[in-house]
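Proteins get letters first, then strands, A, B, ... in listed order; numbering begins at 1 in each.
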Amino acid sequence: MSRTFVGMPDFPTAAAEATRDPQLRHNLREATHTIRDKRDSAVGELDDWAQLRAAGKAIKDRTLRHLDVYLEQLESAITAAGGTVHWAADADEANDIVTRLVRDTGEREVVKVKSMATQEIELNNALERAGINAYETDLAELIVQLGDDLPSHILVPAIHRNRAEIREIFLRTMAEWGVPAPENLSDHPEALAEAARVHLRRRFLDTKVAISGANFAVADTGTLVVLESEGNGRMCLTLPETLISVVGIEKIVPSWSDLDVFLQLLPRSSTGERMNPYTSTWTGPAEGDGPRNFHVVLLDNGRTDTLADEVGRQALRCIRCSACLNICPVYERTGGHAYGSVYPGPIGAILNPQLHGTSGPVDASLPYASSLCGACYEVCPVAIDIPEVLVHLREQVVSGSGHAMEKATMGAAGWLLNDGRRLGLAQRALGAARSMIPRRAPGPAAAWTDTRDLPEIPERSFRRWWRDRANGGEGGQP
Amino acid sequence: MRIALFVTCVNDTVFPDTGRAVVRLLERLGHEVVFPEAQTCCGQMHYNTGYRREAQRLAVSFVKTFSDADAVLVPSGSCAAMIRDNYPRLGETGSPLDREVAELAPRVYDLAELLVDALGVVDVGAYFPHTVTYHPTCHGLRVLGLGERPYTLLRAVRGLELRELDGATECCGFGGTFAMKNAEVSSAMGWDKARSVATTGAEVLCAVDNSCLMHIGGVLNRQRSGVRVMHLAEILASTEEEPARI
């Protein structure tokens, strides 16, 4: 059984551990800064980026507002095109549907196009329990699968690995799964890609069932769209006899003219390219061309609950580009595993607590996994105000049980700060006690003083100086 | 101009020199500064940590204290951003708080905005013969959109040599309660920022937010780097007759 995120520690614990791993820090810094710079120049080329961004936001908002209408339209269009639509309320339902559909074909093996929705529902494990082997064909997903690892990035799931580590994984594991890696494999990117290509080629040719997600689902024509860079998706979407696509219900765009906007926003934001190498679209089965059986599983799994939240629903605009991960100073230092989900980084910090609720320790800690610096909002191609949603979710967390110490402190601070005279008295007390404040503090304050000095507390507050000056007192010059 | 100073609770309590520098600078430029003593805190810490009701109470109190002011100076980028960007989210649409915030917020300025936009001054007659690098703090940069204003003001200071800061737009890792709740990540960010600052060789790190400077300065001190942190106001208040000590 592949590893899962179940039982991961909360964010601060996992993040603290990650910051102490110099190799991880180095790999992440190199990778995120490279993609970040590429994105900057790709976006900088366009004079109308701000308008595109506003259009992307508006289209998604309009679609989400009338999601019921568009979903039924999509279902009708797919059915008219010869596909079959299945509705899944949660991960278990989706996994059961896909397992049954694969079983019906009589096959025991499936190839997969990289898909966040199937990662979210842990489809590979569900299939494995039913005796079906799922093979990832995206290079980074393959590295994760072979290494019995967990994805740590939306676009580049193996971003935490460098090429020496990848070479080692290929040499050690490829033979168990199929075509082995060449013995003299080097760690040059071309050699690693060639080893993966050879390893996967037989799979593409032999496997009769493919499973994909979709970046977009066009409601008026019933067309699904996948953007990718390696051609593995094109292979999976054309060679097998049966294609099963698992699609989150928020992936809808009303029409092809709406799609136009996102085909500009997504590649530039995710890989920093003007256009991604492969864009595949499919509208039902076609005689003599591509899969003959076509199923779409429309997945809710917490999305309608998210849609019900007026502030939080903007997270459903997300097109999974990863620009927020690549720019995030927190993600850069912790990596994706610390977020305990296939959706890491800033978008994960607002998506996971909404899809699952904030009752679990990991999901309750995620809204705090940010300094609220706002870089994510700035780069988001559909203008999701991530800091706004983080604060909104923090309100939900503190309105629950627990946080007794913090609530008491915040309450006391609120009382103290609600009155200028009270604050003045507290400042006098602090000024008098200033010599007793230790350089290294005990208890919770050690979180600060372990790595940072405290500022020197002045004897006289500004407010006291102001009053002294008004009274013509000593040191009255500003 | 008559300018009401909202000094902020952190400056009031821990960094009174910044408030004094603001008063000295504005009076030197011929303006009147008033300090309404009922003022306390903008509520940023409460709001950002999820304590909306406490933040609302502080917002009500702020609006009451400053509603008559022609201009409110807030010498802290994140507090000015709290008032301008987050106060409008605190009151129900059409509520008294909502209306009062909409009326007052356009008259709330950060120091760089007040000088450049409202007072139309770039050369404030300052003298500061030191090497300086500037960290554009996140709220000043992304919420207020201060842009070139602080750099323009610093370039006009006689004797001052401005050094470029590598990775300037990256967060220093303070983030209010983030610095305590995720202390290791916050420190890792702070140490990287401090390294960039030290690499410039500047004697002074300048910013418009003392909370960020407290964090970066805490790291710089711990590293015994010898770099001093100073609020923009303290550099602009410095003159040949009364130079700021570093």
_Contact origin within B:Ala188 toward chain A - heavy atom pairs under 4.5 Å_ = both
*Top of B:Arg52, B:Gln39, B:Arg57, B:Met45 for chain A proximity - count of heavy-atom pairs under 4.5 angstrom*: B:Arg52
*Answer with side chain, backbone, both or neither: which region of A:Trp466 has an atom nearer than 4.5 Å to a non-hydrogen atom of chain B?*
side chain
*Contacting moiety of A:Ser370, where chain B heavy atoms sit under 4.5 Å*: backbone
*Separation of A:Leu28 CG from A:His33 NE2 (nearest 0.5 Å)*: 10.0 Å
*Could you look at A:Asp385 and say if it's the side chain, the backbone, both or neither that has a heavy atom under 4.5 Å from chain B?*
side chain
*Compute whether any side-chain donor of one residue and acceptor of the other, for B:Thr8 and B:Asn11, lie under 3.5 angstrom apart.*
yes
*Contact part of A:Ala446 toward chain B, heavy-atom cut-off under 4.5 Å: side chain, backbone, both or neither?*
neither
*Could you tell me which portion of B:His139 (side chain, backbone, both or neither) has an atom closer than 4.5 angstrom to a non-hydrogen atom of chain A?*
side chain
*Which atoms of B:Asn86 approach chain A - backbone, side chain, both or neither, heavy atom under 4.5 Å*: neither
*Measuring heavy-atom distances to chain B, does A:Thr451 have an atom under 4.5 Å in its side chain, in its backbone, in both, or in neither?*
both
_Interchain contact, A:Val330 with chain B, by part (heavy-atom threshold 4.5 Å)_ = both
*Which atom names give the shortest non-hydrogen contact between A:Val398 and A:Tyr368, and what distance separates them?*
CG1-OH, 3.4 Å
*Could you tell me whether A:Glu406 and A:Arg394 make a salt bridge, using a distance below 4.0 angstrom between a side-chain N and a carboxylate O?*
no
_Under 4.5 Å from any heavy atom of chain B, what part of A:Leu423 do you find: side chain, backbone, both or neither?_
side chain
*Indicate yes or no for a side-chain donor-acceptor contact from B:Lys181 to the backbone of A:Pro12 under 3.5 Å, with no hydrogens or angles considered.*
no
*Residue A:Arg20 versus chain B: region with a heavy atom under 4.5 Å*: side chain
*Please look at B:Ser187 and chain A and tell me whether the side chain, the backbone, both or neither of the residue comes under 4.5 angstrom of a heavy atom of that chain.*
both
*Structural part of A:Arg25 lying under 4.5 Å from a heavy atom of chain B*: side chain
*Residues B:Thr49 and B:Thr177: side-chain donor-acceptor under 3.5 angstrom*: yes
*For the candidates B:Cys138, B:Gly190, B:Gly173, B:Ala55, which exhibits the highest count of non-hydrogen atom pairs separated by less than 4.5 Å from chain A?*
B:Cys138
*Salt bridge flag under 4.0 Å for residues A:Glu395 and B:Arg89*: no
*Side chains of B:Asp209 and B:His135: do they bring a donor and an acceptor to under 3.5 Å?*
no
*Side chain, backbone, both or neither: which part of B:Glu37 has an atom under 4.5 Å from a heavy atom of chain A?*
both
*Highest number of heavy-atom pairs under 4.5 Å with chain A: which of B:Asp192, B:Asp17, B:Leu141?*
B:Asp192
*asked:* So for B:Leu5, is it side chain, backbone, both, or neither that comes closer than 4.5 Å to the heavy atoms of chain A?
replied: side chain
*Proximity breakdown for B:Val185 and chain A, heavy-atom pairs closer than 4.5 Å*: both
*With only heavy atoms counted, which part of A:Arg36 is less than 4.5 Å from chain B, the side chain, the backbone, both or neither?*
side chain
*asked:* At a 4.5 Å cut-off on heavy atoms, which part of B:Arg53 comes close to chain A: side chain, backbone, both, or neither?
replied: neither
*Exercise: do B:Thr239 and B:Arg28 side chains pair donor with acceptor under 3.5 Å*: no
*Measure distances from A:Leu430 to the heavy atoms of chain B and classify the residue's part below 4.5 Å as side chain, backbone, both or neither.*
side chain
